[in-house]
Amino acid sequence: MSNNKKVTIKDFCHKTGQLVELDVPEFAPLPPPYDKLDLQPKFKALADETKEKYETDLDGITAVKFPRPETEEEKRELVGKFLSGLKKLFDRENNWGFLQPLFLTIEYCAKCQTCASACPIYNESGEQDIYRPTFRAELLRRLYKSYVKKGGRFLAKISGDDIDATWAMVARTMELAYRCSVCRRCAQTCPIGVDNGLVTRELRKIFSQEMGITVEPLHKKGSVQQLEKGSSTGMTPVAFLDNIEFLEEEMEERTGLNFKWPMDKAGAEILLIHNAGEYLAWPENPEAFAIILDAAGIDYTLSSDLMGYDSVNYGVWYDDVQFAKVALKHAQIAKELGVKKIVLGECGHAHKALTVIADRVFTGDFNIPRESSLTLLHEIVKQNALKLDPSRNDHIVTTLHDPCNVVRLMGIVEPQREVLKAVSNNFREMAPHGVHNYCCGGGSGFAITQDLNFPDWRNSVSCRAKLRQILDVFQDIIEPEHNKYVCAPCSNCKGAMRDMFTYYGLFERCNILYGGLVELIVNAMVDIREGFLEWEWH
Amino acid sequence: MSELQLLMYVAYVVFFIGTAYRARKMATMPVHLRWDLYPIPHEKNKHHYGGSYFEEIDWWTKPAEVSVTSELKEMSKEIIFIQSMYYNNRPLWIFSFPFHFGLYLSIVFVLMIFLSGFLGIFGFEVSGTTSNFIGRALHYLTMPFGIIGSVLGCFGAVGLLISRLTREELKRTSVRSDYFNLVLLIAVFASGLYVWATEDMTYTDLRAFFTNLVSFKGTEPVSTGFAIHMILAAAFLIYLPFTHMTHFVGKYFTYHKVRWEDEANVKGSKLEKRITEALGYRINWSAPHIKKGTWAEAATATEDGGQNE
Ligand code: SF4
Ligand code: SF4
């Protein structure tokens, strides 16, 4: 282990300059063909002027792009704001939603480091101390003792876990809060039930909710844009309807079906909400949904109301208030339409946001049942409502990626497997899978964070565990003559995979494609023209 | 009444009040947003693969299928064998498991000693020679529990201390108090073993001490070794509630109130009431996109400020 990787809390607060230097050869080795280092892209180092401009003193990467403060006065002010946010994090009213899990995490860690073995980012980075699940938690724990708890600083000095709130610490913490995908694998292995993934999100909240500092694609171009225009993609209701019209034409061309989406149908059984990114990046996914639901005779509608056509809720990743605003809007739209339930398309974080977390935001009439499309699809397949011929997918070997939000964090494990097995004769499981899966690497907003060299970090560190799993599961048929498909029923995971596949040339080199679940279903429907799933990169 | 006895009373009072205070603090926290983590063992027939009721179509129309036995089974595996560590951190488990197991045996041992003390008040004899079966059983059972408990506890704690001192990643993440906790525990176990081996092989003195303790009677003078062991034990009991070693309290909440808590919010329920109350809490975060007022107001506000600009 190089000295570079060993970092103490003291270094973190006081050392000047960039704390650690990342280097591809130090990362965990990959299976063939990527065991050859020259097949792994080089890390893009930031230009010196960029480093001078933005706070990059953690690891030379930046997600936040925070301009370096110029004067000591400015730094003091920022540290002060950070500390005031810290106090609110431990305040009953200001943080009721997470106070109990947060306190439990702060108070009870036994520092056994069991969680470290579970963290993909820590392990794939070649065991960088700063990415250790406990590192962020230890920072927050010490900050709590030294700056929030009464008399805590004195006791912390005695026990040896005090901390100095320096600007260097605050600036590094700001970035470090964006080096964990909140997959909560660590929490799953902790004997005490401590949740270091939660700490990441709580730290992000200090920056966002108190200091107004976030990652631009999450906030300004994310939740703010969604609340204003209707979608984090910037798609307005008018643009959405245009898009739908265009897709209906495209679908007619592709399938020969003359088809109209049910739109704003009051009193429908189901309001179906997709991640709006699907309509733009993977339109075959909402199209496939439409074909399936139509064939199964399901009474549903889409909504063209502001936000009614975009299920994303980025607040899940960084901000409780933005989270609640978006969730309430979704519920309100369903309420106005008078539907019996909301069904979420293939988007993991939207699943968790609306069905699970928001369950404790909705009261009275806002509490309209929410359900996963995977559960609905499973029911449709179970009822034999579709005529399926899995041999239509025989030219493809499939595997299944488990989106953390749907699986580990919601317990929807079997429906997607049952469906996949019904439409694919060549299905194989990755190891580990189900609730013990590895994150795609794009979780918690990473997939949409595209600035500067952050994508390099994502592709080579946070996506690395998934890449390894994909290569491993297909290792015996890794040559390009075999068609291989990673079924990822989640927009965000697909976004991360699109980038990662491009970065490593996975399609060109190994002939591996990724995509959703419904595309495979439609490809196996005997009443639909063959070849719905196009075997090409796009 | 001796100082030593007084110290013991203080120790037990501090321990119980401190632990209760901790539990109360956690139990009276406001309702939190759902943050469950699978597998959840009370999910009947689904636990083995980590499934939940969300896998069922229209789940809200069906009764929750809960399995208490499955949950109890999972709990005992975790409490007794520390299975998450067994699977994910074997090198530490080989010390952590005997340490905790030794602790459990020691707790049973102390309870038996207490019981003997209470029985003593009513003139009930606990010894190897009494004709009463229960008295004899208590006498003989305390020995294996006491001895094996202390040996395992001591061995485990020494192992944990050595691991912390020598294993790079533990060394780098430990602070003074982490070492102190282990040293104190080792001292308690080791002094107990010393007293047992040198002067009290049948725990007769200890039993007599506790009989007097629970009947608030003065004690006979004790040996220096015995006194040191008692002082260490009392110090540990007093110190414990102020440390993360009370994770036996924390673990109840982390598992039952966070990880495994999958209660759905139903209209008209108690849970809904608690949520409504929380939505009325004041919010004063300073970022421009947050409207001050109650949470309900902030969550329905329409204006948004810019950030990072
Ligand atoms: S979070 Fe849990 S697993 Fe990690 S060091 Fe703390 S107690 Fe151990
Ligand atoms: S939540 Fe996931 S990425 Fe974050 S520290 Fe835990 S295991 Fe690592």
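Here is the naming used below: chain letters follow the sequence lines, and residue numbers restart at 1 for every chain.
- Closest approach of B/Asp58 to A/Lys341, counting heavy atoms only: OD1-NZ, 2.7 Å.
- Separating the NE2 atom in B/His32 from the CD atom in A/Gln100 is a distance of 4.5 Å, to the nearest 0.5 Å.
- Within the 3.5 Å criterion, the main-chain N or O of B/Asn265 finds a donor-acceptor partner in the side chain of A/Asp359.
- Closest approach of A/Phe103 and B/Met26 over heavy atoms only: CB-CE, 3.6 Å.
- Without hydrogens or angle criteria, A/Glu414 side chain to B/Glu55 main chain gives no donor-acceptor distance under 3.5 Å.
- Rounded to the nearest 0.5 angstrom, A/Ile192 CD1 and B/His247 NE2 are separated by 4.5 Å.
- Within the 3.5 Å criterion, the main-chain N or O of B/Phe54 finds a donor-acceptor partner in the side chain of A/Thr375.
- Rounded to the nearest 0.5 Å, atoms CG (B/Leu33) and CD1 (A/Ile357) are 7.0 Å apart.
- Closest approach of A/Val435 to B/Pro39, counting heavy atoms only: CG2-CD, 3.8 Å.
- Proximity to chain B is absent for every atom of A/Leu155, based on heavy atoms less than 4.5 angstrom apart.
- Proximity of a side-chain donor or acceptor of B/Arg176 to a complementary backbone N or O of A/Lys157 within less than 3.5 Å is detected.
- A salt bridge links B/Glu261 with A/Arg360: the closest approach of a Lys/Arg side-chain nitrogen to an acidic carboxylate oxygen falls below 4.0 angstrom.
- Looking at A/Lys205, the atoms closer than 4.5 Å to chain B (heavy atoms on both sides) all sit in the backbone: N, CA, C or O.
- Only the side chain of B/Tyr255 comes within less than 4.5 Å of a heavy atom in chain A; its backbone stays farther off.
- Only the backbone of B/Glu56 comes within contact range of chain A, with heavy atoms under 4.5 Å apart.
- B/Thr173 and A/Glu138 share no donor-acceptor pair across their side chains, judged by distance under 3.5 Å alone.
- Heavy atoms of A/Leu409 lying under 4.5 Å from chain B belong to its backbone as well as its side chain.
- Using a 4.5 Å cut-off between heavy atoms, B/Asp178 contacts chain A through its side chain alone, with no backbone atom that close.
- Distance alone, capped at 3.5 Å, is enough to place a donor-acceptor pair between the A/Gln188 side chain and the B/Tyr38 backbone.
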Derivation and outcome, side chain to side chain contact (heavy atoms under 4.5 Å, CB included), residues B/Trp295 and A/Trp96: CA-CA 10 Å; B/Trp295 272 89; A/Trp96 62 270; 3.4 Å; yes
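- The pair A/Glu107-B/Lys25 meets the salt-bridge criterion, since a charged nitrogen lies less than 4.0 angstrom from a carboxylate oxygen.
- Proximity to chain B is limited to the backbone of A/Val407, based on heavy atoms less than 4.5 angstrom apart.
- Of the listed residues (A/Asp365, A/Leu376, A/Leu104, A/Asn367), the one with the most heavy-atom contacts under 4.5 Å to chain B is A/Leu104.
- Residues A/Asp320 and B/Trp285 bring no donor and acceptor atom of their side chains to less than 3.5 Å of each other.
- Neither the backbone nor the side chain of A/Leu102 comes within less than 4.5 Å of any heavy atom in chain B.
- Of the possible donor and acceptor atoms, one in the side chain of B/Ser52 sits under 3.5 Å from a partner among the backbone N and O of A/Met410.
- Ranked by heavy-atom pairs shorter than 4.5 Å toward chain B, the options A/Lys88, A/Gln416, A/Glu379 are led by A/Lys88.
- The minimum heavy-atom distance linking A/Ser117 with B/Asn88 is given by the pair OG-O, 3.2 Å.
- Using a 4.5 Å cut-off between heavy atoms, A/Lys111 touches chain B through backbone and side chain atoms alike.
- Heavy atoms of A/Arg141 lying under 4.5 Å from chain B are absent altogether.
- Here the closest non-hydrogen pair linking B/Leu37 and A/Arg408 is CD1-CG, 3.5 Å.
- Residue B/Asn89 holds its CG atom at 9.0 Å from OG1 of A/Thr189, rounded to the nearest 0.5 Å.
- Proximity to chain A is absent for every atom of B/Trp93, based on heavy atoms less than 4.5 angstrom apart.
- The contact between A/Asp195 and chain B is made entirely by side chain atoms (from C-beta outward), counting heavy-atom distances below 4.5 Å.
- Shortest non-hydrogen contact noted between B/Glu272 and A/Gly364 is OE2-N, 2.7 Å.
- Proximity to chain A is absent for every atom of B/Arg274, based on heavy atoms less than 4.5 angstrom apart.
- The parts of A/Leu89 that come within reach of chain B are both its backbone and its side chain, each placing non-hydrogen atoms under 4.5 angstrom from that chain.
- For B/Leu271, the part sitting under 4.5 Å from any heavy atom of chain A is the side chain, from C-beta outward, and nothing else.
- Residue A/Asn94 holds its CG atom at 12.0 Å from OH of B/Tyr281, rounded to the nearest 0.5 Å.
- Only the backbone of A/Cys190 comes within contact range of chain B, with heavy atoms under 4.5 Å apart.
- In B/Lys62, the NZ atom is crowded: over 12 heavy atoms of neighbouring residues, nucleotides or ligands sit closer than 6.0 Å.
- Residues A/Gln383 and B/Ile57 fail the side-chain proximity criterion, which asks for heavy atoms closer than 4.5 Å.
- Taking chain B as the reference chain and counting heavy-atom pairs below 4.5 Å, the highest number among A/Gly434, A/Gly85, A/Pro369, A/Ala324 is found for A/Pro369.
- Separation of atoms OG1 (A/Thr114) and CZ (B/Arg90) is listed at 12.0 Å; rounding is to 0.5 Å.
- Comparing B/Ser177, B/Pro91, B/Ser163 by heavy-atom pairs within less than 4.5 Å of chain A, the highest count is held by B/Ser177.
- There is no contact between B/Ala296 and chain A, counting heavy-atom distances below 4.5 Å.
- Looking at B/Lys251, its side chain does come within 3.5 Å of a backbone N or O of A/Pro191 through a donor-acceptor pair.
- With a threshold of 4.5 angstrom between heavy atoms, B/Asn181 does not approach chain A through any atom at all.
- Of the two parts of A/Phe362, only the backbone, made up of N, CA, C and O, holds a non-hydrogen atom closer than 4.5 Å to a non-hydrogen atom of chain B.
- B/Trp60 touches chain A through its side chain: at least one heavy atom from C-beta onward sits under 4.5 Å away, while N, CA, C and O do not.
- The main-chain N or O of B/Arg282 is found under 3.5 Å from a side-chain atom of A/Glu93 such that the two form a donor-acceptor pair.
- With hydrogens and angles disregarded, a donor-acceptor distance shorter than 3.5 Å links the side chain of B/Arg259 to the backbone of A/Ala187.
- Proximity to chain B is absent for every atom of A/Arg417, based on heavy atoms less than 4.5 angstrom apart.
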